[in-house]
A.B. asks: 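Let me give you the structure first, and then I'll get to my questions.
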Amino acid sequence: MPELPEVEVLVRHLAPLLQNRTIREVHVHRPKVLLPTSPRELQERLSGARFLGLTRRGKYLLFALRGKGRNNDFSLVGHLGMTGRMYLQPAKQSLPKHAAVVLRLGRENFIYEDQRYFGRLTLAVEAVAALGPEPFEAEFTPTALAQALQRSTRPVKVKLLDQELVAGVGNIYASEALFRAGISPRRPAHRVKLHEVKALHRAIRAVLREAIRNGSTIPLNFGTEGKRDGLFYYGQALGMPDFYEERLRVYDRLGQPCDRCGTPIRRLVQAARSTFYCPDCQR
DNA sequence: CACCATGTTCCTTG
DNA sequence: CCAAGGAACATGGT
């Protein structure tokens with residue numbers, strides 16, 4: 001459940017549920033997701049600690065915790081990778097197949113499961129410190145974006161995935177933002193004109209904001225029921241027929257007509273990732 | 001069997 | 001030192 005909007009919606013969902021809850025037990029099923037933190041280190045730090053809050057930075061979740069003893073506040077850093085999920089479920093309920101870390105909070109468990117184990121739940125904060133500006137914060141300006149783009153000759157689509165450029169844009173919303181801005185994904189970053197950079201800046205914010213809005217209308221109570229959850233950027237899905245509508249204009253729409261000009265959407269591979277675009281609307 | 005998948009990091013090459 | 005490219009990570013769906 002990966003890009004910024006999905007993480008934002010998850011954070012809003014979990015924050016009130018975790019507030020003031022105390023961690024009674026720590027169970028690490030996949031030590032790999034803690035690295036470089038060790039299972040013992042995590043256990044010692046988290047046992048008896050209480051959740052003070054939960055925020056987001058880029059695609060990362062930041063859990064604020066207060067450990068036992070005085071002056072013992074610290075952060076726990078989460079990242080969902082490609083397939084990570086985090087949710088609460090009754091402690092008596094059986095654990096999912098790919099449970100990576102389980103925190104017992106009284107009668108409920110906080111579950112971090114991850115089918116591919118690309119995500120993280122760690123005490124190491126370095127990766128967060130290296131992130132670029134938050135897309136909705138004031139530091140993210142067209143000028144700052146233009147300067148960052150000017151230093152690279154890589155295709156602008158590839159550059160948008162660089163979390164130092166702007167934090168939180170992933171493969172799906174990079175394609176969507178470029179479509180909205182009318183810029184070809186192949187364009188070398190330093191050749192994007194200033195007026196286009198301005199359009200791109202607006203497009204990034206618009207695409208993310210709309211996705212958050214759409215995602216906020218979808219229930220995230222997946223701890224209690226079946227397998228699937230709200231990959232809410234996909235249109236019709238997951239047994240909820242007309243609740244979801246089509247939300248993406250180019251991503252995963254190979255061959256479908258562009259809804260602006262009717263030209264079939266194309267796919268290309270850049271830096272080993274799929275890019276979708278309209279060859280007529282994006283130059 | 002082949003190819004695809006929402007992400008990040010590490011290694012190599014130029 | 002830097003930018004760019006590609007593989008690796010691990011599992012499952014089609």
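The chains referred to below are lettered A, B, ... by the order of the sequence lines, with proteins before strands, and numbering in each begins at 1. Heavy-atom basis, side chains included; hydrogens, waters and symmetry copies ignored. Just so we're clear, the structure is a prediction, and the values are computed from it rather than from any experiment.
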A.B. asks: Which residue pairs pass the salt bridge (charged side-chain N to carboxylate O under 4.0 Å, His left out) test with at least one member in residues 161-173 of chain A, sequence neighbours excluded?
C.D. replies: A:Lys159-A:Asp162
A.B. asks: Please list residues of residues 121-136 of chain A whose heavy atoms come under 4.0 Å from any atom in DNA chain C, ordered by number; otherwise none.
C.D. replies: none
A.B. asks: Please, which pairs that meet salt bridge (charged side-chain N to carboxylate O under 4.0 Å, His left out) have at least one residue in residues 68-80 of chain A, sequence neighbours excluded?
C.D. replies: A:Arg66-A:Asp73
A.B. asks: If I take atom NE2 in residue A:His79 and atom P in nucleotide B:dG7, what distance separates them, rounded to the nearest angstrom?
C.D. replies: 8 Å
A.B. asks: If a protein heavy atom is under 4.0 Å from the base, mark B; if only from the sugar-phosphate, S; if neither, -; do that for nucleotides 7-12 of chain C going 5' to 3'.
C.D. replies: --BBBS
A.B. asks: How would DNA chain C look in dot-bracket form, 5' to 3', counting Watson-Crick and G-U wobble pairs with both distances under 3.5 Å and writing | for bases paired to another strand?
C.D. replies: .||||||||.||||
A.B. asks: Can you see if the side chain of A:Thr153 gets near the phosphate of C:dA4 - specifically, an N or O under 4.0 Å from OP1 or OP2?
C.D. replies: yes
A.B. asks: Could I get the full list of salt bridge (charged side-chain N to carboxylate O under 4.0 Å, His left out) partners for A:Arg116, not counting sequence neighbours?
C.D. replies: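 For A:Arg116 there are no salt bridge (charged side-chain N to carboxylate O under 4.0 Å, His left out) partners, ignoring immediate neighbours.
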A.B. asks: Checking one residue: A:Leu161. Which other hydrophobic residues are in its cluster under the side-chain 4.5 Å linking rule?
C.D. replies: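 Via sub-4.5 Å side-chain contacts, A:Leu161 links to none.
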A.B. asks: Sequence neighbours excluded, which residues qualify as salt bridge (charged side-chain N to carboxylate O under 4.0 Å, His left out) partners of A:Arg187?
C.D. replies: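 With sequence neighbours excluded, A:Arg187 shows a salt bridge (charged side-chain N to carboxylate O under 4.0 Å, His left out) to A:Glu196, given in chain and number order.
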A.B. asks: Does anything in residues 140-150 of chain A reach DNA chain B, meaning a heavy atom under 4.0 Å, and if so which residues?
C.D. replies: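 Here the set is empty: none.
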A.B. asks: Cut-off 3.5 Å, no hydrogens considered: what does the side-chain donor-acceptor table look like for residues 276-283 of chain A, sequence neighbours left out?
C.D. replies:
| unit_1 | atom_1 | unit_2 | atom_2 | d |
| --- | --- | --- | --- | --- |
| A:Tyr277 | OH | A:Arg186 | NH1 | 3.2 |
| A:Asp280 | OD2 | A:Thr263 | OG1 | 2.9 |
| A:Gln282 | OE1 | A:Cys278 | N | 2.8 |
| A:Gln282 | NE2 | A:Leu178 | O | 3.3 |
| A:Gln282 | NE2 | A:Ile183 | O | 2.9 |
| A:Arg283 | NE | A:Asp280 | O | 3.4 |

A.B. asks: For residues 198-211 of chain A, which residue pairs pass the side-chain hydrogen bond (donor to acceptor under 3.5 Å, both in side chains) check, not counting sequence neighbours?
C.D. replies: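 Residue pairs passing side-chain hydrogen bond (donor to acceptor under 3.5 Å, both in side chains), neighbours aside: A:Arg180-A:Glu210.
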A.B. asks: When the P atoms of B:dC10 and C:dA10 are compared, how many Å lie between them, rounded to an integer?
C.D. replies: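 Their P atoms lie roughly 14 Å apart.
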A.B. asks: Can you find a side chain N or O atom of A:Thr83 that sits less than 4.0 Å from OP1 or OP2 on B:dA5?
C.D. replies: no
A.B. asks: Taking ring-ring contact (aromatic ring centres under 6.0 Å, His included) as the test, write out the residues that go with A:Phe118, two or more places apart.
C.D. replies: none
